[in-house]
Amino acid sequence: MRRLGFGTAQLTGPGYRGPRGAAEDALAVLRRAVERGVTLIDTADNYGPSLAEEWVTEALHPYPRGLLVAGPRARSGTSVWTPSPSNSSPPRAHLEENLDAAAVRLSREEMSRLDASGRVSLPSSPPA
């Protein structure tokens, strides 16, 4: 299946700190994106922080069949993006904590983590 994606970072304002504008506008943008054929929403807990995930849930849950919601990113702390060095991975417990929190915000029973090669590193539930 081909996917057309929409990234939510810019919904939350400069430096991914939000909000950029009215919540109603962000919700309308998300709904319109899906109406226009977007099948992948890329979000992360550090956008807002957490604001983008909350808006995705408010605008789109229950998720339409075939819509994939991807996130979060591995980071440290509560508001600062700290990518992992290319030759190492964040501790599994850190990833699980971020995924559990994202699952709650996104109204999902569980989230899966894909690395750049497409390998799933945590359990996955089928997309809604």
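Starting from 1, each residue takes its place in the sequence as its number. Values in this document were obtained by computation on a predicted structure and should not be read as measured data.
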| query | Going by heavy atoms in the side chains, are Ile41 and Tyr63 under 4.5 Å from each other? | reply | no
| Gap between atom CZ of Arg105 and atom OG1 of Thr43 - 0.5 Å precision | 9.0 Å
| field | Distance-minimising heavy-atom pair for Gly5 and Val38 | value | C-CG1, 4.2 Å
| message | Please report the interatomic distance CG(Asp100) to CZ(Arg108), rounded to the nearest 0.5 Å. | response | 14.0 Å
| What distance do Leu67 atom CG and His61 atom NE2 have between them, rounded to the nearest 0.5 Å? | 11.0 Å
| said: For a side-chain contact (heavy atoms from CB on, under 4.5 Å) check, start with the C-alpha distance between Trp55 and Thr8, then their side-chain angles and the critical distance, and finish with the verdict. | reply: CA-CA 9 Å; Trp55 284 342; Thr8 62; over 6 Å; no
| said: Return the CD to CG distance between Glu54 and Leu27, rounded to the nearest 0.5 Å. | reply: 11.0 Å
| message | List the residues meeting side-chain contact (heavy atoms from CB on, under 4.5 Å) with Val104, not counting sequence neighbours, and say none if there are none. | response | none
| note | Contacts of Phe6 meeting ring-ring contact (aromatic ring centres under 6.0 Å, His included) (sequence neighbours excluded), chain-then-number -> none
| Which atom pair, heavy atoms only, marks the closest approach of Arg3 to Gly66? | NH1-O, 2.8 Å
| task | Please report the closest heavy-atom contact between Arg17 and Asn46, naming both atoms and the distance. | result | NH1-O, 4.4 Å
| query | Roughly how far, to the nearest 0.5 Å, is the CG atom of Leu68 from the CG atom of Leu40? | reply | 5.0 Å
| task | Start with the C-alpha gap between Tyr47 and Leu11, add the side-chain angles, then the distance that decides, and say whether side-chain contact (heavy atoms from CB on, under 4.5 Å) holds. | result | CA-CA 8 Å; Tyr47 300 164; Leu11 290 177; over 6 Å; no
| task | Search all heavy atoms of Leu60 against all heavy atoms of Arg31 and return the closest pair with its distance. | result | CD2-CA, 4.1 Å
| request: Please name the pair of heavy atoms, one in Val34 and one in Pro64, separated by the smallest distance, quoted to 0.1 Å. | output: CG1-CG, 4.1 Å
| Least distance between heavy atoms, Leu30 atom then Ala59 atom | CB-CB, 3.9 Å
| query | Who passes salt bridge (charged side-chain N to carboxylate O under 4.0 Å, His left out) against Arg20, sequence neighbours left out? | reply | none
